[in-house]
Amino acid sequence: MTEKILVAVAWPYANGSLHLGQIAGAYLPADIFARYHRLKGNDVLMVSGSDQHGTPITIKAEQEGKKPGEIAGRYHREFLESWQRLGISFDLFTTTGTENHTEVVQDLFLTLLEKGYIYKAKVSQPYCPQCNRFLPDRYIEGTCPFCGSAGARGDQCDDCGKPMNPAELLEPRCRLCAAAPVFEESEHFFLKLSAFQKKLLEWVKPKSHWRKNVLNFTTRYLEDGLKDRAITRDIDWGVPVPLEGYENKRIYVWFEAVIGYLSASKEWAKSGGDGEGWRPFWQGDDSKSYYFIGKDNIPFHTIIWPAMLMGYGGLNRPYDVPANEFLTIEGKKLSTSRNWAVWLPDYLSRYEPDPLRYLLSINMPESGDTDFSWREFFRRNNDELVATYGNLVHRVLTFVYRNFDGCVPTYADMGATINVPPLDSRDSELIDKAIAVYNHIYADGGLLSACHFKRAIMMAMTIAQETNRYLDEKSPWKIIKENRGAAATSLYVAICAISYLKTMLYPFLPFSSQKVHEFLGFKGSIEDYVRKYPLQPLPTPGQKLGEPEPLFTKLDDKLIDEETARLGV
Ligand SMILES: [Zn+2]
Ligand SMILES: [Zn+2]
């Protein structure tokens, strides 16, 4: 039966280029997962978009003397190009700047207000006497009241991950001028989070399929007690409050951006010509939603967004929130402000997408932080992608191409009279292993469906190693002169293993898998092919092969120092 899978991915602030931390944290795992479900024949809707409204954008705009919309537009275009080049296969990547988004946000706001989950209250708001303005949360810095970290912002502490109200910050100061803010009264709307605490705890309790870090963090957070949070701010950039008398306020970004998952789904449905097409993904009993985010975003997706959905009613809550931990760079915490980061457009200007997808998959920060280093990138590219997998494909296919008239070896060449190749126990052993690993990765309840991406790609690579060992034992290149049949059989077996490999690796390495698919003589896209023939028919003997080319490029180790030297400058 076809499942409906909503793949909801974190919304990046459109105030700077994407970096590898974000790719490893959310975008790559989401893409692997979406591609996997598409291959399985499930209906996938993968959405996200640029967050245009956050104060990170207004801060950047003020720094550059531009309008926030210009900044957001520039980076949104850059994001779209990056997704395409890295192969992040969104069904829709939109922005929070659309009319559709405003409508959906205002509908949620008014519904929650009507149901009593949003209320008005006077709040003392930080005001900078030197800048003469109210300060949005991110314009304030200070000491975290929970963990004592010095660099906490008015909305959240990056060190302990706890969201907060700006008034809770210790020793607050204005980020623009460093003056101490004063607090002045202003009327705002609040989300009554406290009303959902018990219901959320009950909802979270049976989520044993969640990652441990996500479940523990969420449970602890809920047990500490939920405070109501202001959802409007005195700023002029953002979604307007849909009520008279509040023209100078905007709906605050943390409330508004999570609604993007829903508004993007609706936009996707409208653009596809079926305005109701979003419903099966949000309301169906057979649908599941997965939210791919970094760990700093956990409370917004396991507590606040589910609370908003509970209050609104009639929409599915997250099925899973497989949040990743952080990626460090050369052993140090990634920092965009200190340029201790590897920027995606910069990477893509010099290297192919699949080697990065490979490294970040096999080194994914699923259950703890992991490190990116250029040395490891070069080593894994050269030793694993090129030497283990690429060379396997290349030496088998070029040899067959030259010695069997550019075709998959035929049964006749193998000396068999019946219509199956004569396999010995070593041949069957390799095929059986490939099938076993394939099932372990692809089956319902298997590694990919449970978001164990790192283990899945590691297991797939064992089949490449195993096939190399098999060929070393059989050495078809040596025996072809005296025993063409035996050589043909082992080459055929190797081709079958390669055919399984291309599918196992497809969610991780879509570009090279498509190439292998074509080298093996298949037409069209590998995704369409596997969807159509889920039993994975093997290349047919006699099938015409495409002309093989090297799959990956060996990288010169001399460049490692050059790459490392770009960091932190
Ligand atoms: Zn803290
Ligand atoms: Zn100031």
Side-chain angles (χ1 to χ4, degrees), residues 15 21 25 54-66 68 123-186 188 193 213-230 233-238 248-250 252-254 293-304 323-326 328 332-338 365 368-369:
N15 71 328
T55 40
I57 291 145
T58 55
I59 290 174
K60 175 95 172 180
E62 267 169 53
Q63 282 166 351
E64 294 194 12
K66 298 227 166 74
V123 57
S124 78
Q125 244 341 69
Y127 185 89
C128 179
Q130 208 153 297
C131 300
N132 282 322
R133 59 186 284 178
F134 279 110
L135 296 173
D137 293 354
R138 283 195 176 223
Y139 281 65
I140 304 185
E141 286 173 337
T143 304
C144 172
F146 305 107
C147 74
S149 163
R153 295 185 312 259
D155 58 343
Q156 190 177 20
C157 168
D158 277 342
D159 275 323
C160 67
K162 290 201 170 168
M164 68 186 88
N165 295 315
E168 294 173 278
L169 260 188
L170 308 174
E171 295 160 50
R173 57 186 180 275
C174 169
R175 214 175 131 173
L176 302 171
C177 72
V182 293
F183 284 79
E184 289 199 0
E185 284 230 312
S186 180
H188 281 288
L193 275 172
N213 57 339
V214 178
L215 190 57
N216 290 347
F217 183 95
T218 305
T219 311
R220 260 201 322 270
Y221 195 94
L222 284 170
E223 283 168 352
D224 282 354
L226 287 183
K227 281 191 191 144
D228 298 348
R229 293 193 83 196
R233 280 294 181 268
D234 298 286
I235 45 176
D236 56 9
W237 177 242
N248 294 329
K249 299 179 193 292
R250 294 291 179 272
Y252 198 52
V253 69
W254 65 261
I293 56 163
K295 71 173 162 191
D296 49 336
N297 253 327
I298 292 174
F300 294 96
H301 292 80
T302 62
I303 294 167
I304 291 173
N324 270 353
E325 305 275 316
F326 291 144
T328 55
K332 281 197 249 173
K333 192 177 171 186
L334 189 150
S335 159
T336 53
S337 56
R338 280 181 281 124
D369 294 354

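Only heavy atoms go into these numbers, but all of them, side chains included; no hydrogens, no water, no symmetry mates. Whatever order the structure lists them in is the order used to number ligands and atoms, beginning at 1.
- Taking the six-membered ring for Trp and thresholds of 30 and 60 degrees, Phe300 and Trp254 have ring planes inclined between 30 and 60 degrees apart.
- Phe217 does not carry Lys295 over the face of its six-membered ring by the limits of under 6.0 Å from the centre and within 45° of the normal.
- The SG atom of Cys144 and the SG atom of Cys157 meet at the Zn ion (ligand 1) at an angle of about 110°, given to 10°.
- If you check the side chains of Glu325 and Asn213, you find a donor sitting under 3.5 Å from an acceptor.
- Remark: Asp369 CG is packed, more than 12 non-hydrogen atoms of other residues, nucleotides or ligands lying under 6.0 Å away.
- Rounded to 10°, the angle formed at the Zn ion (ligand 1) by Cys147 SG and Cys160 SG is 120°.
- For the pair Asp137/Arg233, a side-chain contact is recorded, criterion being any heavy-atom separation below 4.5 Å from C-beta on.
- Enclosure of atom CG in Asn248 is not indicated, since only 12 or fewer non-hydrogen atoms of other residues, nucleotides or ligands lie within 6.0 angstrom.
- Defined by atom type and a distance below 3.5 Å, a donor-acceptor pair is missing between the side-chain atoms of Tyr127 and Ser186.
- If you count the protein N, O or S atoms nearer to the Zn ion (ligand 2) than 2.8 Å, you get 4.
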